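Report on the following structure.
Values in this document were obtained by computation on a predicted structure and should not be read as measured data.
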Amino acid sequence: MKQIKTPKVFSLGKECPMCGQKAYLRMTEEEENQWRKYACFGGHIQDRFPDMDVQKREFIKSGYCPDCQKALFGTEYDRSDFIIVDDIEDGEVPEDVKKFLEAAEKTNVKDVIKSETANILTTEHKVVMLSEFDLEDIFYVDDDGNIKDR
């Protein structure tokens, strides 16, 4: 039987308290709902996220990025569901982001994010742009890098 991959529709962004990196954890709709309940009602994180690995739970709880968790706990982790802003920016604003921001200055950012202009952005940059412009309640980036309406 073929296992169906659940799409990631939400990105939880946090600044690591140890190194200051901005990181995002890509989550499924079910994980997003679990996170909202945890954020509102608290409880033990392992009870709220029984199927989530310890690294992701630690990020949700403390904000420590995968690199700092490795330094703190000495364990290698899967970073595939994480986007680390420093990994994609390398200290400078990338050209695709510059072009996107120039277009966004000329019109409504909601229109630009759904336009062909957004296609110049990498999937990682799309996730960051949605977060930075507080558009995550309206749009999400699917696993193929397309911006979709919620």
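Remark: side-chain polar atoms of D144 are not paired, donor with acceptor, to backbone N or O of N146 under 3.5 angstrom. Using a distance-only test at 3.5 Å, with no hydrogens or angles considered, no donor-acceptor pair links the side chain of R26 to the main chain of F10. A donor-acceptor pair under 3.5 Å is absent between the side-chain atoms of K37 and the main chain of R48, judged by distance alone. Using a distance-only test at 3.5 Å, with no hydrogens or angles considered, no donor-acceptor pair links the side chain of E15 to the main chain of K22. Proximity of a side-chain donor or acceptor of E31 to a complementary backbone N or O of T28 within less than 3.5 Å is detected. For T117 (side chain) and S115 (main-chain N/O), no donor-acceptor pair under 3.5 Å exists by modelled atom type. A donor-acceptor contact shorter than 3.5 Å is absent between the side chain of E136 and the backbone of L130.
The nearest pair of heavy atoms linking P50 to D47 is CD-O, 3.5 Å. Closest of all the heavy-atom pairs between R57 and I45 is O-CD1, 3.1 Å. Taking each heavy atom of F49 and M27 in turn, the nearest pair found is CE2-CE, 4.2 Å. Between E58 and Y64 the shortest heavy-atom distance is OE2-CD1, 3.7 Å. Heavy-atom minimum distance, V127 versus S11: CG1-OG, 3.2 Å. Residues A23 and C65 approach most closely at CB-CB, 4.4 Å, considering heavy atoms.
With rounding to the nearest 0.5 Å, the separation of CZ in F59 from CE in M52 is 10.5 Å. Of the inter-residue distances, the one linking D96 atom CG with E124 atom CD reads 10.0 Å to the nearest 0.5 angstrom. The distance from atom NZ of K110 to atom CG of L135, rounded to the nearest 0.5 Å, is 7.0 Å. Note: I147 CD1 to M129 CE = 10.0 Å, rounded to the nearest 0.5 Å. The line from CG of D134 to CD of E132 is 8.0 Å long, rounded to the nearest 0.5 Å.
No side-chain heavy atom of V54 sits under 4.5 Å from any side-chain heavy atom of Q46. Within the 4.5 Å cutoff, the side chain of F82 has heavy atoms near those of the Q55 side chain. Residues Y24 and K14 have side chains not in contact (no heavy-atom distance under 4.5 Å, counting atoms from C-beta outward). Contact of the H125 side chain with the T122 side chain is registered, since non-hydrogen atoms from C-beta on lie closer than 4.5 Å. Counting heavy atoms from C-beta on, the side chains of L12 and W35 come closer than 4.5 Å. In this structure the side chain of F100 reaches within 4.5 angstrom of the side chain of V112, judged on heavy atoms. Using a 4.5 Å heavy-atom cutoff, the side chains of I113 and K126 are not in contact. With a 4.5 Å cut-off on side-chain heavy atoms, D67 and C19 do not count as touching.
Salt bridge absent: D137 and R150 never bring a charged side-chain N and a carboxylate O closer than 4.0 Å. Using a cut-off of 4.0 Å between Lys/Arg side-chain N and Asp/Glu carboxylate O, K99 and E102 are scored as not salt-bridged. E32 and R36 are joined by a salt bridge, as a carboxylate oxygen and a charged side-chain nitrogen come within less than 4.0 angstrom of each other.
Between the side chains of E116 and N119, at least one donor-acceptor pair of N or O atoms lies under 3.5 Å.
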request  = Would you please test V97 and L121 for side-chain contact (heavy atoms from CB on, under 4.5 Å) and show each step?
outcome  = CA-CA 7 Å; V97 174; L121 297 172; 4.1 Å; yes
key: Intermediate values then yes/no, side-chain contact (heavy atoms from CB on, under 4.5 Å), Y140 and E29   = CA-CA 11 Å; Y140 72 94; E29 187 173 6; over 6 Å; no
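More than 12 heavy atoms of other shown residues, nucleotides or ligands fall within 6.0 angstrom of atom NZ in K114.
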